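Comments concern the structure below.
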Amino acid sequence: MQRPGVVSILAGYLLFAFSTIASAQDSQLGSARVVFQTNYGDIEFGFFPNVAPKTVDHIFKLVRLGCYNTNHFFRVDKGFVAQVADVVGGRSAPMNEEQSEQAKKTIVGEFSDVKHVRGILSMGRYDDPDSAQSSFSMLLGDAPHLDGKYAIFGKVTKGDDTLKKLEELPTRREGIFVMPNERISILSSYYYDTNLERCEEERSTLKQRLAASFVEIERQRMKCFP
């Protein structure tokens, strides 16, 4: 029997390592999901409430207030990050007072041992570790040099095909940033709870079973009392 080559062993190890990391991340996901509807497709993500509770609460409030609607991705660096602009200056529509008040808040840096790998959501900030507001990145590749320096608060759960489309768009370099030549708009956003979705599915299944049971009871009754 031919022994597996070094490449095959390494590939197997990497696949195991990636699946282990993904499983660990999924176990930390809460039930809330957010969907950004962009002009290139939808991107869905979830939160890590036990990893960065203050960050999660802040971002979810921004979503519920509709702050990310009409915002955009100002940065797309293939294999690195797709970064959502700060909503204060990134939206094409004006904000109301409540939206503006929430958007201007800064969040304490909740740094953790969760790794920066593809799909992770990581807060943007300035030099001050407690300066994060509303800009955040979706990782397009592994970036270990960011570990422990930027607050990770969630991960992409659906829409990797959309991220791949964004990576293929023409870009230009402005200083340290690689930016798309055209606007990648977040047209709208919405959120839902996976627990409620499961409840709806279970409720629908129960209704079907009850209806089937009722039909069977009626059938038996008609046989006994024609």
Side-chain angles (χ1 to χ4, degrees), residues 18 21-22 25-26 29-48 52 55-56 58-95 99 102-103 114-125 132-143 146 150-194 197:
F18 291 150
I21 291 171
Q25 291 174 355
D26 290 346
L29 277 173
S31 59
R33 295 290 182 273
V34 170
V35 179
F36 280 176
Q37 297 178 298
T38 81
N39 52 331
Y40 285 93
D42 292 356
I43 303 171
E44 179 191 280
F45 57 87
F47 298 107
F48 296 152
T55 306
V56 168
H58 175 64
I59 296 296
F60 199 33
K61 281 181 180 177
L62 290 172
V63 170
R64 293 201 303 270
L65 289 170
C67 292
Y68 287 101
N69 298 348
T70 77
N71 198 24
H72 70 289
F73 287 82
F74 82 93
R75 179 184 187 186
V76 178
D77 198 337
K78 187 174 183 179
F80 182 36
V81 296
Q83 188 167 353
V84 176
D86 191 294
V87 299
V88 173
R91 284 168 49 105
S92 59
M95 287 191 291
Q99 289 172 326
Q102 184 65 32
V114 180
K115 305 301 181 185
H116 282 78
V117 296
R118 186 178 178 89
I120 280 292
L121 307 183
S122 179
M123 286 301 292
R125 63 173 177 82
Q133 289 184 296
S134 59
S135 177
F136 66 89
S137 295
M138 299 180 181
L139 271 290
L140 301 176
D142 299 349
L146 302 180
Y150 294 85
I152 287 174
F153 65 94
K155 66 171 289 188
V156 173
T157 50
K158 293 179 183 176
D160 192 61
D161 54 335
T162 300
L163 292 179
K164 287 177 180 175
K165 289 179 187 177
L166 302 189
E167 288 186 274
E168 298 305 319
L169 294 176
T171 58
R172 66 187 187 279
R173 181 173 288 277
E174 292 190 11
I176 64 170
F177 297 123
V178 177
M179 308 171 74
N181 290 341
E182 58 186 86
R183 186 179 176 89
I184 303 170
S185 297
I186 300 170
L187 305 172
S188 62
S189 61
Y190 65 90
Y191 60 92
Y192 70 97
D193 193 296
T194 56
E197 291 284 308

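It should be emphasised that the depicted structure is a prediction, and the values quoted were computed from it without experimental measurement.
Once rounded to the nearest 0.5 Å, the distance linking CD1 of I184 with CZ of R75 reads 13.0 Å. Between Q102 atom CD and R64 atom CZ the span is 8.5 Å, to the nearest 0.5 Å. To the nearest 0.5 angstrom, Q83 atom CD is 3.5 Å from F74 atom CZ. Atom CG of L121 and atom NE2 of H116 lie 10.0 Å apart (nearest 0.5 Å). The CG atom of L29 lies 5.0 Å from the CZ atom of F48; values are rounded to the nearest 0.5 Å. The distance from atom CD1 of I152 to atom OG1 of T55, rounded to the nearest 0.5 Å, is 11.0 Å.
In this structure a side-chain-to-backbone donor-acceptor pair under 3.5 Å is present from H72 to G90. In this structure, S137 contributes its side chain and V81 its backbone to no donor-acceptor pair below 3.5 Å. Under the 3.5 Å distance criterion, the side-chain polar atoms of R91 are matched with a main-chain donor or acceptor of C67. Under a 3.5 Å cut-off, the side chain of Q99 and the backbone N or O of L65 do form a donor-acceptor pair. No side-chain donor-acceptor contact under 3.5 Å links N39 to the backbone of L187. For the pair T194 (side chain) and S31 (backbone), a donor-acceptor distance under 3.5 Å is present.
Counting heavy atoms from C-beta outward, F36 and V156 have side chains that stay 4.5 Å or more apart. Between L140 and E167 there is a side-chain heavy-atom pair separated by less than 4.5 Å. The side-chain heavy atoms of R183 and S92, taken from C-beta on, include a pair separated by under 4.5 Å. Contact of the V117 side chain with the K155 side chain is not registered, since no non-hydrogen atoms from C-beta on lie closer than 4.5 Å. V76 places none of its side-chain heavy atoms less than 4.5 Å from the side chain of L169. By the 4.5 Å heavy-atom criterion applied to side chains, F80 and L146 are counted as neighbours. At a threshold of 4.5 Å between non-hydrogen side-chain atoms, the residues R118 and L163 count as touching. The shortest distance between side-chain heavy atoms of I186 and F73 falls below 4.5 Å.
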Problem set entry | I43 and M138: CA distance, side-chain angles, deciding distance, side-chain contact (heavy atoms from CB on, under 4.5 Å) verdict | CA-CA 10 Å; I43 303 171; M138 299 180 181; 3.8 Å; yes
For this session: Could you walk me through whether M123 and I59 pass the side-chain contact (heavy atoms from CB on, under 4.5 Å) test, one step at a time?
Result: CA-CA 10 Å; M123 286 301 292; I59 296 296; 3.8 Å; yes
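F136 is linked by a ring pair (Phe, Tyr, Trp, His ring centres under 6.0 Å) to F45, Y68, F153, counting only residues two or more places apart in sequence or in another chain. By the ring pair (Phe, Tyr, Trp, His ring centres under 6.0 Å) test, Y190 is found to be paired with no residue, residues two or more places apart in sequence or in another chain being considered.
Using modelled atom types, one finds a donor on one side chain and an acceptor on the other under 3.5 Å when comparing Y192 with E44. For N69 and S188, the side-chain atoms include no donor-acceptor pair closer than 3.5 Å.
Across all non-hydrogen atoms, the minimal contact from S134 to V87 is OG-N, 2.9 Å. Of all non-hydrogen atoms in S122 and L139, the two that sit nearest each other are CB-CD2, 4.0 Å.
In summary, K164 and D160 engage in a salt bridge, as defined by a charged side-chain N under 4.0 Å from a carboxylate O.
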